[in-house]
2 protein chains.
Amino acid sequence: MTLDTTPFADSSLDACIDRCCPVPIPQRGSLADLLELLGSPAGARGSVPESIPLALWRVPQHAALVHEGSRGRSIYVVRHGFFKRSKTLEDGYEQVLSFMQAGEILCFEALHNGVQPASLVALETSSVYVLPVAELNSLHLRCPQLAEALQRALSRQLLHATESVEMMAAVSSEVRIARFLMWWSSRMAAMGQSPRRLRLRMCRRDIASLLGVAHETVSRSLTSLSEEGLLRVSNRDVEILDMDHLHARARCTRSPGTCDKERREPRLATPEALQHRSADAVM
Amino acid sequence: MTLDTTPFADSSLDACIDRCCPVPIPQRGSLADLLELLGSPAGARGSVPESIPLALWRVPQHAALVHEGSRGRSIYVVRHGFFKRSKTLEDGYEQVLSFMQAGEILCFEALHNGVQPASLVALETSSVYVLPVAELNSLHLRCPQLAEALQRALSRQLLHATESVEMMAAVSSEVRIARFLMWWSSRMAAMGQSPRRLRLRMCRRDIASLLGVAHETVSRSLTSLSEEGLLRVSNRDVEILDMDHLHARARCTRSPGTCDKERREPRLATPEALQHRSADAVM
DNA sequence: CGCGGAGTTGAAGCGTTTCAAACGGGGTGG
DNA sequence: CCACCCCGTTTGAAACGCTTCAACTCCGCG
């Protein structure tokens, strides 16, 4: 809480290392802040030992927090910012695996054999708490609340992995895009931001890689959804105009034709369509 | 270890409850067995308190271990057997999310809000260790090795989730099937079984649901791969004949045509093709 | 024996990929 | 400061692959 305002020292020194490696932030994080970030209930954060030092790192935009194949000696908790987790395949194709936001645990997968299975790149200037694996046990002993919070955060992490599978399992690419937008929207809502105004941090190619479609298809699906009046797309800013119908589209399991066939006809958001929204939301 | 032989009491009583709910197994599990199952190094299992009781449940084939939406009061560790994790969508479509095998942790996702996000059905008669969430903390205190083993198993679990994304991210459905088979093969190898002789426990529809394709496409891709000489398919038994080429096919990131174009021509496993295998394996 | 589910195969429609071209914006260098 | 280039994005057209619907076989089961 005390770090919410201007957590980064925007000195001239920062400018010259902007595209380099992550660097420690002068201010150190607080354990209470980390617990709140992980979603620990406020009541459980009363008697937190403040003496425990916590490293807080700054990760400039486009900088890699970890490289695929490197040794994994720490786990991280995103304090704020945005990360892309990806793998580079043998033929040079970059396979995006997930996008990670504030409150999420990074690099826990590397724990079981000590090797990072994927790279992590900050898509905007970000900051992460650093928890060295070697210190995890002593941390858990000195602060049981942290152990519990990490456990619950890991549980959430597994749930997020499930959501990725649900996104990608849609047969129609348009439905995949719709699910991706709904997923993003719910993430924004969970972070206390507007679920309607989405600012995509990644390029179309990254979305396409995650969803397993061509990047042109992402573009086409977005324009198609916007022509139906469900979205307004401007570069990487997406505004959801019709949340109900977008949600209905995201639920489609079969080919786009068989679901909401009649709704796909109106290519403009007519006043009539607006009136139907509340009624359709009930079903 | 002591339970490896005939862990199930195949009495006549079992027959009548075969399609019902999971039931506790007369024999209780041992902590050392659980630790080995989770992949804990043998050296760390010396001083394990044997007095701690561990519940071991039997789950008959086709029985549900947990139902979507129910309360999650326990986590489970698959002792042996095979589970399908799935969600039933509003329109009745069953979305398969993953398949879980021995050593994997089930229902950890339910920990953070207490509700099961998906159902778990045993695809063959299985058994699971039951760890009530309420007892987890005391278990960790009484046996730190278990806490560490669970942590590493969770790390592995997150890695498995990543593998699912990699499977589904392939654009071509044939590549998805190839990746699915390779994934299954590596699982078999990790369990000490043959990586070439695969016995699929699920129907084509379940595979199709997981991979996001039509179930006819699964059938077609399997016959296509077998016509190329990479597989031999007989119902749910799949034998991998050409592991190298199947692996190469699984790595394809683009349309099937652009990758290994020349290799797809021979529709029969000619002796010539067999000679090429070892040479191709180097690249 | 008949039934239903799982699996396979065929044919037609169409959605997606691919290649190609054009546009726009942000950055760099002149 | 502008021009330029590069990259991300969009759109078009054609080929391809997938879905869909259909028919059929096989197998287990009542």
Side-chain angles (χ1 to χ4, degrees), chain A residues 15 18-19 61-62 84 93-94 96 123-124 168-178 199-209 211-228 231-238 249 252-259 261 264 267, chain B residues 15 18-19 61-62 84 93-94 96 123 168-178 199-209 211-227 231-238 249 252-259 261 264 267:
Chain A
D18 216 13
R19 293 181 166 272
Q61 190 176 24
H62 304 130
K84 170 177 78 174
Y93 178 77
E94 182 192 25
V96 175
L123 291 189
E124 63 180 9
M168 306 173 70
V171 284
S172 156
S173 67
E174 204 176 274
V175 175
R176 291 192 201 190
I177 300 292
R199 166 175 233 120
L200 305 181
R201 262 82 171 191
M202 73 295 290
C203 62
R204 302 282 190 265
R205 186 179 302 272
D206 289 338
I207 302 176
S209 175
L211 298 181
V213 296
H215 75 275
E216 295 97 329
T217 305
V218 174
S219 200
R220 269 185 259 265
S221 296
L222 283 175
T223 59
S224 171
L225 288 172
S226 67
E227 280 177 350
E228 292 179 44
L231 305 175
R232 186 154 53 199
V233 181
S234 166
N235 214 350
R236 297 191 182 178
D237 289 308
V238 175
R249 182 64 53 85
C252 292
T253 55
R254 320 192 72 79
S255 163
T258 57
C259 139
K261 203 164 193 172
R264 302 185 76 231
R267 319 213 77 166
Chain B
D18 217 13
R19 294 181 166 270
Q61 189 176 25
H62 304 129
K84 170 177 76 172
Y93 178 78
E94 183 192 23
V96 175
L123 291 189
M168 306 173 70
V171 285
S172 156
S173 68
E174 204 177 274
V175 175
R176 291 192 201 189
I177 300 292
R199 166 175 233 121
L200 305 182
R201 261 81 172 192
M202 74 294 289
C203 62
R204 302 282 190 268
R205 187 177 302 271
D206 289 338
I207 303 176
S209 174
L211 297 181
V213 297
H215 76 274
E216 296 98 329
T217 305
V218 175
S219 198
R220 268 185 260 265
S221 295
L222 282 176
T223 59
S224 172
L225 288 172
S226 68
E227 280 177 350
L231 306 174
R232 185 154 53 197
V233 181
S234 165
N235 215 347
R236 297 191 182 178
D237 289 308
V238 175
R249 182 64 52 83
C252 292
T253 55
R254 321 192 71 79
S255 163
T258 58
C259 139
K261 204 164 193 172
R264 303 186 74 233
R267 319 213 75 162

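Order of the sequence lines sets the chain letters (A, B, ...), proteins ahead of strands, with each chain counted from 1.
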Checklist entry - Rounded to the nearest Å, what distance is computed from the CG atom of residue Leu211(A) to the C1' atom of nucleotide dT17(C)? => result 15 Å
Checklist entry - Which nucleotide in the list dT18(C), dT8(C), dT17(C) gets nearest to the side chain of Val213(A)? => result dT17(C)
Item to check | Interatomic distance where CG belongs to Asp237(A) and C1' belongs to dT9(D) [whole Å] | outcome: 14 Å
Checklist entry - Any side-chain N or O of Ser172(A) less than 4.0 Å from the OP1 or OP2 oxygen of dT16(C)? => result yes
Next on the checklist: I'd like to know if the side chain of Ser209(B) and the backbone of Glu94(B) have a donor-acceptor N/O pair within less than 3.5 Å.
Outcome noted: yes
Next on the checklist: How close do Val171(B) and Gly212(A) get, counting heavy atoms only, and between which atoms?
Outcome noted: CG1-O, 3.5 Å
Next on the checklist: Please tell me if Thr223(A) has a side-chain N or O lying less than 4.0 Å from either OP1 or OP2 of dT11(D).
Outcome noted: yes
Checklist entry - Would one find a side-chain N or O of Arg236(A) under 4.0 angstrom from OP1 or OP2 of dT9(D)? => result yes
Next on the checklist: Rounded to whole Å, please give me the gap between CD in Glu174(A) and P in dG15(C).
Outcome noted: 10 Å
Checklist entry - Side-chain N or O of Arg220(B) less than 4.0 angstrom from OP1 or OP2 on dC18(D)? => result no
Item to check | Residue list, side-chain hydrogen bond (donor to acceptor under 3.5 Å, both in side chains) with Arg201(A), at least two apart or on another chain | outcome: Glu124(A)
Next on the checklist: Rounded to whole Å, how long is the line connecting atom CD of Glu216(A) with atom C1' of dA15(D)?
Outcome noted: 14 Å
Item to check | Thr217(A) side chain near dT16(C) phosphate (N/O to OP1/OP2, under 4.0 Å) | outcome: no
Item to check | Between dG5(C) (P) and Glu94(B) (CD): distance, integer Å | outcome: 14 Å
Checklist entry - What nucleotide among dT8(C), dG10(C), dT17(C) has an atom nearest to a side-chain atom of Val233(B)? => result dT8(C)
Checklist entry - Could you state the NE2-P distance from His215(B) to dT20(D), rounded to the nearest angstrom? => result 10 Å
Checklist outcome for this item: In whole angstroms, the gap separating C1' of dC7(D) from CG of Asp206(A) amounts to 13 Å
Checklist entry - Between Ser173(A) and Leu222(B), who's closer to the 5' end of DNA chain C by nearest nucleotide? => result Leu222(B)
Checklist entry - With distance as the sole test, does Arg205(A) use its side chain to make a donor-acceptor pair with the main-chain N or O of His215(A) at under 3.5 Å? => result no
Checklist entry - Do Arg204(B) and Leu222(B) touch side chain to side chain, with heavy atoms closer than 4.5 Å? => result yes
Next on the checklist: For dG17(D) and Ser221(B) - does any side-chain N or O of the residue sit under 4.0 Å from the phosphate oxygens OP1/OP2?
Outcome noted: no
Checklist entry - In the 5'-to-3' direction, what one-character label does each nucleotide of nucleotides 25-30 of chain D receive under the scheme B = base within less than 4.0 Å of a protein heavy atom, S = sugar-phosphate only, - = no such atom? => result ------
Checklist entry - How far apart are the closest heavy atoms of Val233(A) and Asn235(A), and which atoms are they? => result CG1-O, 3.8 Å
Checklist entry - What residues, two or more places apart in sequence or in another chain, satisfy side-chain hydrogen bond (donor to acceptor under 3.5 Å, both in side chains) together with Arg232(A)? => result Glu239(A)
Next on the checklist: From CD1 of Ile207(B) over to C1' of dC18(D), roughly how many Å is that when rounded to an integer?
Outcome noted: 18 Å
